[in-house]
Amino acid sequence: MELKLDETRPFNLDHTLSCGQVFRWEKIDRWWEGVVEGNVIRITQERDRLLFRTNHSAEDCAEFLKNYLRLDDDLPMILSSIDKDSWVNSAIQKFHGLRLIRQNPWECLISYICATNTNIPAIKNRILELSKRFGDEVTFEDKVFYTFPEPQELAEADLDELKSCGLGYRAKYVLKTAKKIKASPDLLKAFKSLEYEELRKGLLSLAGVGPKVADCITLFAFDKLEAFPIDVWVRRVMYQRYLKKEIPQYPKTGRAKPLTGSEYDELRSFAWRYFGKYAGYAQQYLFYHIRIEESRRMSG
DNA sequence: CAGGCG
DNA sequence: CCTGG
């Protein structure tokens, strides 16, 4: 099956799935494969065409992908609105067509609780292990996939079994939050009607969700394009490229001080003044840019 | 040593 | 503080 892309709606599948916002897609010679909303999808891009195969109905899948890949966003308008300087401009040139993804709130919530204080390969492993142990098996084109577990499946899990998925100390947060969602199944739906700040407060009340995780969830799963999640990488970009000063350091060791709540809020409001209401898109381009640049530096 | 949180 | 890259 295929999905035609409007030439006025630039889209780049590789950038969109590689930029670090989602953890359950894997590229195997030209085709990306993933499990979303319980369905297996294999997808690849040929210029202005998205080719895909799925174990579900193709028509439904095409509609799903339009929404999931945010093909409804007016990307040229958004990019021109955040195109404020040469550095973000080079990110826009390099990763043109990168779009945010509309993720499932529940999966996004648990995934980002699992994503604290660690790196992307480890996060992917955790999500995969969680799905193997607590999700359902789905076979597609002779390959076995696993759906992301439902709230009650994680809520009823044993703490040590969660830990054995590599969650470490995050296991208790996942368990506690899963129990809360199981106890109030409509909570995430109710969150959809909230504005950004109220939604953020609601998310912050969940175990394992701090400012950074909350902002990732508001941006990736609740359409809050003004959200500006700040991790160590975005913090570096902000200081190096915009504030033009050193990250706060300990005098003796020279190590960076951890990001405080008030510093987080200052950086966030700077981003809003500077980038405007699509700051979340700017964040993703900046984030991917510095990550790519850093990985080039590491490998020489 | 890493894409924070309680 | 857990764990793995």
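Just so it is clear: chains get the letters A, B, ... in the order the sequence lines come, proteins before strands, and each one is counted from 1. Heavy-atom basis, side chains included; hydrogens, waters and symmetry copies ignored. As the structure is a computational prediction, the values presented were derived from the model and not from experiment.
The side chain of A:Thr116 lies closest to B:dC5, out of B:dC5, B:dA2, B:dG3. Looking at the side chain of A:Pro211, the nearest of the listed nucleotides B:dC5, B:dA2, C:dC2 is B:dC5. Comparing C:dC2, B:dG3, B:dG6 by their closest approach to the side chain of A:Arg126 singles out C:dC2. Closest to the A:Tyr169 side chain, of the nucleotides B:dG6, B:dG3, C:dC2, is C:dC2.
Put simply, OH on A:Tyr112 is 13 Å from P on B:dG3, counting in whole angstrom units. For the pair A:Asn125 CG and C:dC2 P, the computed distance is 20 Å after rounding to whole Å. Rounding to whole angstrom units, CD of residue A:Glu263 and P of B:dC5 are separated by 14 Å.
Heavy atoms of A:Val234 sit nowhere under 4.0 angstrom from any nucleic acid atom. Using a 4.0 Å heavy-atom distance criterion, A:Lys172 is classed as a sugar-phosphate-only contact.
Judged by Watson-Crick or G-U wobble contacts below 3.5 Å, the nucleotide B:dC1 has C:dG4 as its partner.
Residue A:Arg255 is the one, among A:Val209 and A:Arg255, whose nearest nucleotide of DNA chain B lies closer to the 5' end (criterion: closest heavy atom). Place A:Gly208 and A:Phe287 on DNA chain B by their nearest nucleotides, and A:Phe287 ends up nearer the 5' end.
Counted by atom type alone, A:Asn12 and A:Gln45 present zero donor-acceptor pairs between their side chains at under 3.5 Å. A donor atom on one side chain and an acceptor atom on the other are found under 3.5 Å apart for A:Tyr196 and A:Asp215.
Aromatic ring centroids of A:Phe148 and A:Phe23 lie 6.0 Å or more apart.
Within the 4.0 Å cut-off from OP1 or OP2 of C:dG4, not a single side-chain nitrogen or oxygen of A:Asn119 is found.
Relative to the ring axis of A:Trp233, A:Arg291 places its NZ or CZ within 45° and under 6.0 Å from the centre.
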